[in-house]
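Here the structure is laid out as structure tokens; the discussion comes afterwards.
Note: hydrogens, waters and symmetry copies are ignored here, and every other heavy atom, side chains too, is used. In this text the structure is predicted, and so the values were computed from the model without any measurement.
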Amino acid sequence: MTTTYTARPIDPRALKELRTTDDAGRPTAGFTDPEGGAPLRCCLRRSAPGERIALVSYAPLRRWASATGADPGPYDEQGPVFLHAEPCEGYLGEALPFTNSHRTVRRYSADGRILGGRLAEAPADFGAAFAEAFADPAVALVHVRAVEYGCFLYEVRRP
């Protein structure tokens, strides 16, 4: 699915930090993925069997807020994300990743508050969800999250 909206993986500087210590302060431990299929937030693809990956706690809104001066208050949350245990090629795609399942497109204001969201049930729903979100001038960015667990998948900012 090609779009004018760009998926933003975890920033390379944050990845470097997360590969040592996660956002909960725990040391990062990589492991070999025996089955593959983990949604990697460093390159926005699924892991292959035998790849070295890590599961870390990540606070995407906190990191965005520290760069912008926002104060997300109680909306600051952290959750589990998979990434390659060692640096990888990063995101090389143009198509939106992880659209093959129900996702929530969650909207945030410039001060880091949740402004609502929309369920995207099929790949074709994402463009409309982003267009609807960014039609509201109060929306600064959106997170695409897994419905099942609420896990952060990637960020999209205004085009």
Side-chain angles (χ1 to χ4, degrees), residues 1-19 22-24 37-48 51 53-84 87-159:
M1 176 175 136
T2 304
T3 181
T4 58
Y5 301 99
T6 303
R8 298 171 59 105
I10 297 175
D11 179 76
R13 191 174 109 197
L15 287 168
K16 184 176 180 180
E17 294 169 2
L18 291 167
R19 287 184 175 113
D22 73 10
D23 285 347
L40 300 166
R41 280 37 165 242
C42 48
C43 54
L44 301 181
R45 68 168 177 81
R46 296 212 178 261
S47 63
E51 283 190 291
I53 64 174
L55 180 61
V56 301
S57 186
Y58 176 57
L61 198 60
R62 180 184 315 157
R63 287 182 175 268
W64 170 82
S66 71
T68 63
D71 178 11
Y75 296 103
D76 176 25
E77 60 185 336
Q78 63 188 28
V81 297
F82 288 102
L83 48 91
H84 278 111
C88 67
E89 70 280 1
Y91 179 54
L92 302 175
E94 291 185 18
L96 290 171
F98 310 129
T99 60
N100 60 338
S101 190
H102 291 119
R103 303 292 181 216
T104 298
V105 176
R106 188 185 296 170
R107 305 167 192 174
Y108 291 92
S109 66
D111 62 356
R113 303 300 195 258
I114 294 174
L115 295 176
R118 180 176 175 178
L119 180 64
E121 298 180 272
D125 296 342
F126 284 82
F130 296 142
E132 179 182 286
F134 293 123
D136 180 348
V139 173
L141 74 153
V142 300
H143 286 176
V144 174
R145 292 177 172 262
V147 170
E148 306 89 351
Y149 300 104
C151 299
F152 170 85
L153 291 167
Y154 54 90
E155 176 183 299
V156 175
R157 294 190 187 173
R158 289 191 167 280

Interatomic distance, D11 atom CG to K16 atom NZ [nearest 0.5 angstrom]: 12.0 Å
Contacts of S109 that satisfy side-chain hydrogen bond (donor to acceptor under 3.5 Å, both in side chains) - sequence neighbours left out: D111
Qualifying residues under salt bridge (charged side-chain N to carboxylate O under 4.0 Å, His left out), relative to R41, sequence neighbours excluded: none
Gap between atom CD1 of I114 and atom CZ of R106 - 0.5 Å precision: 4.5 Å
With E132 via salt bridge (charged side-chain N to carboxylate O under 4.0 Å, His left out) - residues at least two apart: R107, R118
Those residues that, when tested against A140, pass side-chain contact (heavy atoms from CB on, under 4.5 Å) (two or more places apart): W64, A110
Value rounded to 0.5 Å, distance of CD1 in I10 from CG in L153: 10.0 Å
Over all atoms of both residues, closest heavy-atom pair of V156 and A7: CG2-CA, 4.3 Å
Partner set under side-chain contact (heavy atoms from CB on, under 4.5 Å) for A38, not counting sequence neighbours: D33, S47, I53, F82
R157: which of V139, L141, V142 passes side-chain contact (heavy atoms from CB on, under 4.5 Å): L141
Listed partners of E17 passing side-chain hydrogen bond (donor to acceptor under 3.5 Å, both in side chains), at least two apart: R63
Residue pair C88 / C43: nearest heavy atoms and the distance that separates them: SG-CB, 3.8 Å
pair E155-P60: side-chain heavy atoms closer than 4.5 Å: no
Partners meeting side-chain contact (heavy atoms from CB on, under 4.5 Å) with P80 (sequence neighbours left out): L55, C151
ring-ring contact (aromatic ring centres under 6.0 Å, His included) against Y58, all qualifying residues, sequence neighbours excluded: F152
Check: P72 main-chain N/O paired with R113 side-chain donor or acceptor under 3.5 Å: yes
Polar side-chain atom of D136 near backbone of A133 as donor-acceptor pair, under 3.5 Å: no
side-chain contact (heavy atoms from CB on, under 4.5 Å) evaluation trace for L96 with F130: CA-CA 12 Å; L96 290 171; F130 296 142; 3.5 Å; yes
D23 side chain reached by L18 side chain, heavy atoms, under 4.5 Å: yes
Residue list, side-chain contact (heavy atoms from CB on, under 4.5 Å) with A24, at least two apart or on another chain: D22, R26, S57, Q78
R45: partners by salt bridge (charged side-chain N to carboxylate O under 4.0 Å, His left out), with sequence neighbours left out: E51, E89
Y5 to A131 - nearest heavy-atom pair and separation: OH-CA, 3.2 Å
For D76, all residues meeting salt bridge (charged side-chain N to carboxylate O under 4.0 Å, His left out), sequence neighbours excluded: R62
Flag, side chain of R158 to backbone of F134, donor-acceptor distance under 3.5 Å: yes
Interatomic distance, E94 atom CD to T4 atom OG1 [nearest 0.5 angstrom]: 12.0 Å
Pairs involving residues 94-115, ordered by first then second residue, that meet ring-ring contact (aromatic ring centres under 6.0 Å, His included) (sequence neighbours left out): Y108-H143
Any Y91 side-chain heavy atom under 4.5 Å of Y154 side chain: no
